[in-house]
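Report on the structure given below.
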Amino acid sequence: MNEGFRDNCFLMSSKLDIPNIDAGRRRALLMGILNVTPDSFSDGGRFLQPDPAIEHALRMAEQGADIIDIGGESSRPGANEVTINEELDRVMPVIEGLRGKLNKPISIDTRRSAVARAACIAGAAMINDISGLQHDPQMARTAAEFGVGLVLMHMRGTPATMQLNIHYDDLLGEIESFLMAAVEKAMAAGVAHSKIMIDPGIGFGKTTEHNLIIMRNLDRFTKSGYPVLIGVSRKSFIGNTLKLPVDQRLEGSLAAAVYAVLKGAAVVRVHDVPETYRALRIIEAIEEAGR
């Protein structure tokens, strides 16, 4: 992703300028995952302490990440909730430690408005709400108050329950309805249309087959008028398809990320930043050849 493209995606305040991430464009931004948790499915415990977490955030930015997404509560299947204080104790030292060091926007991955508020006061430019405004009724107002970007994701239930008794009568239709209802709720609370992204929630309350169907039909969501964020990195549907453990899913993750971008995803959320950056850079070079 060339510097000109990245520059066009950010305001002078470094807050994400979502209108310039055109839904359906083929050059995606990279969101680097930073889990400051002991139990995330892929990297739990690796960055639980502030210093390693800060170093990793800076490293991902150098490697090509356009946004750093910081989360203090695991959303792996079966994960239990942590307290607000636990979540704050995990994320705030990292966000505050990055102040003045990181030249890329920070996203706070949380379902709680109190955590989002503290993160925004400390400089976060985006709220990534995996509950799609279902968990905390104050979340949309918080996003509106601070004028930050808001990612609305589809999920059944909670991380603790989302993989139990999975059933859809109309998989794509139900996800789309959920997301558009969340969009309406956000806008009713004062969030600008231009600050909203949607995420169909790969792996959140879906079977392997469901995830593959969503990926194949991703353009249904990219045509919604809202930029689409997609998170496929190291997910179980890749492991189940390839019969591989979490630490051997790089190639599958790259293939899924590339497919998502070709389907119009505006942002891809990844663990493996440099590898994904290189893969997407080739897509961009091909798209621009001969112009």
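Numbering of residues begins at 1 and proceeds along the displayed sequence.
When all heavy atoms of Val148 and Ala124 are compared, the pair lying nearest together is CG1-O, 3.7 Å. Here the closest non-hydrogen pair linking Leu88 and Ala118 is CD2-CB, 3.7 Å. In plain terms, the two heavy atoms of Tyr168 and Gly205 that are nearest each other are OH-O, 2.7 Å. Closest of all the heavy-atom pairs between Ala57 and Ile68 is O-CD1, 3.7 Å. Nearest heavy atom pair, residue Ile84 against residue Ala114, reads CG2-CB, 4.3 Å. The shortest non-hydrogen separation linking Ala257 to Val268 is O-CG1, 4.2 Å.
Side-chain atoms of Arg269 do not come within 3.5 Å of backbone N or O of Gly32 as any donor-acceptor pair. The main-chain N or O of Ala140 is never found under 3.5 Å from a side-chain atom of Lys185 such that the two would form a donor-acceptor pair. With Arg234 contributing its side chain and Asp272 its backbone, the two residues share no donor-acceptor pair below 3.5 Å. Not one N or O on the side chain of Asp66 forms a donor-acceptor pair closer than 3.5 Å with the backbone of Leu29. A distance-only check finds a donor-acceptor pair linking the side chain of Arg249 to the backbone of Pro245 [under 3.5 Å]. Side-chain N or O atoms of Asn211 include one that pairs as donor or acceptor with a backbone N or O of Gly203 at under 3.5 Å. In this structure, the side chain of Ser236 does not engage the main chain of Gly239 through any donor-acceptor pair within 3.5 Å. Judged by distance alone, the side chain of Thr222 and the main-chain N or O of Lys263 form a donor-acceptor pair under 3.5 Å. Between the side chain of Lys235 and the main chain of Ile202, a donor-acceptor pair closer than 3.5 Å is present. For Glu73 (side chain) and Val82 (main-chain N/O), a donor-acceptor pair under 3.5 Å exists by modelled atom type.
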### Message
Apply side chain to side chain contact (heavy atoms under 4.5 Å, CB included) to residues Lys206 and Ile214 and explain how you reach the verdict.
### Response
CA-CA 10 Å; Lys206 288 94 174 173; Ile214 292 167; 3.9 Å; yes
#### Entry: Step-by-step side chain to side chain contact (heavy atoms under 4.5 Å, CB included) determination, Met126 to Leu150
CA-CA 6 Å; Met126 175 183 284; Leu150 178 62; over 6 Å; no
### Task
Determine, step by step, whether Ser113 and Asp136 satisfy the side-chain hydrogen bond (donor to acceptor under 3.5 Å, both in side chains) criterion, reporting the C-alpha distance in whole Å, the side-chain angles of both residues, the deciding distance to 0.1 Å, and the verdict.
CA-CA 6 Å; Ser113 62; Asp136 187 332; 2.8 Å; yes
### Task
Any chance you could lay out the side chain to side chain contact (heavy atoms under 4.5 Å, CB included) test for Met187 and Ile196, step after step, and finish with the verdict?
CA-CA 9 Å; Met187 293 180 67; Ile196 296 172; 3.7 Å; yes
### Message
Does Glu288 form a salt bridge (charged side-chain N to carboxylate O under 4.0 Å, His left out) with Arg291? I'd like the steps, not just the answer.
### Response
CA-CA 6 Å; Glu288 293 182 347; Arg291 288 186 179 178; 5.4 Å; no
### Task
Apply side chain to side chain contact (heavy atoms under 4.5 Å, CB included) to the pair Met155 and Phe178, showing each step before the final yes or no.
CA-CA 9 Å; Met155 176 174 64; Phe178 175 100; 5.8 Å; no
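In this structure Ser131 satisfies the side-chain hydrogen bond (donor to acceptor under 3.5 Å, both in side chains) test together with Asp129, sequence neighbours excluded. Legend: residues meeting salt bridge (Lys or Arg N to Asp or Glu O under 4.0 Å) with Arg141, ordered by chain and number and at least two apart, are absent.
The CG atom of Leu179 sits 8.0 Å away from the CG atom of Asp199 when rounded to the nearest 0.5 Å. The CD1 atom of Ile230 lies 12.0 Å from the CE atom of Met197; values are rounded to the nearest 0.5 Å. Note: Ile70 CD1 to Ser107 OG = 8.5 Å, rounded to the nearest 0.5 Å. Of the inter-residue distances, the one linking His271 atom NE2 with Ser233 atom OG reads 5.0 Å to the nearest 0.5 angstrom. Distance check, rounded to the nearest 0.5 Å: CD1 of Ile130 to CG of Leu152 gives 12.5 Å. Summarising the geometry, atom CG belonging to Leu172 is positioned 9.5 Å from atom NE2 belonging to His210; distances are rounded to the nearest 0.5 Å.
At least one side-chain heavy atom of Ile127 sits under 4.5 Å from a side-chain heavy atom of Cys120. Two residues are said to be in side-chain contact when any heavy atoms from C-beta on lie closer than 4.5 Å; Leu212 and Thr241 meet this criterion. You'll find the side chain of Met215 reaches within 4.5 Å of the side chain of Tyr259, heavy atoms only. Within the 4.5 Å cutoff, the side chain of Ile198 has no heavy atoms near those of the Leu229 side chain. When side chains are defined from C-beta on, Tyr226 counts as touching Met180, because their heavy atoms get closer than 4.5 Å. Contact of the Ile67 side chain with the Leu30 side chain is not registered, since no non-hydrogen atoms from C-beta on lie closer than 4.5 Å. When side chains are defined from C-beta on, His56 counts as touching Met60, because their heavy atoms get closer than 4.5 Å. Using a 4.5 Å heavy-atom cutoff, the side chains of Arg90 and Thr37 are in contact.
Taking the six-membered ring wherever Trp is involved, the centroid distance between the rings of His154 and Phe204 does not fall below 6.0 Å.
Residue Leu244 is not grouped with residue Leu254 when hydrophobic side chains (ILVMFWY) are merged at heavy-atom distances under 4.5 angstrom, including chains of intermediate members. Note on Leu250: it does not cluster hydrophobically with Leu242, by side-chain heavy-atom contacts below 4.5 Å among ILVMFWY residues. Hydrophobic clustering, with ILVMFWY side chains joined whenever heavy atoms are under 4.5 angstrom apart, groups Ile166 together with Ile175.
Using a 4.0 Å cut-off between charged nitrogen and carboxylate oxygen, Arg112 and Glu81 count as a salt-bridge pair.
Inspection of the Glu145 and Thr142 side chains reveals no N or O donor paired with an N or O acceptor under 3.5 Å.
Between Leu34 and the choices Asp109, Val94, Val91, Ile54, the side chain to side chain contact (heavy atoms under 4.5 Å, CB included) rule is met once, by Val94.
The stretch residues 212-221 participates, sequence neighbours left out, in these side-chain hydrogen bond (donor to acceptor under 3.5 Å, both in side chains) pairs: Glu176-Arg220.
Asp170 CG: more than 12 foreign heavy atoms inside a 6.0 Å radius.
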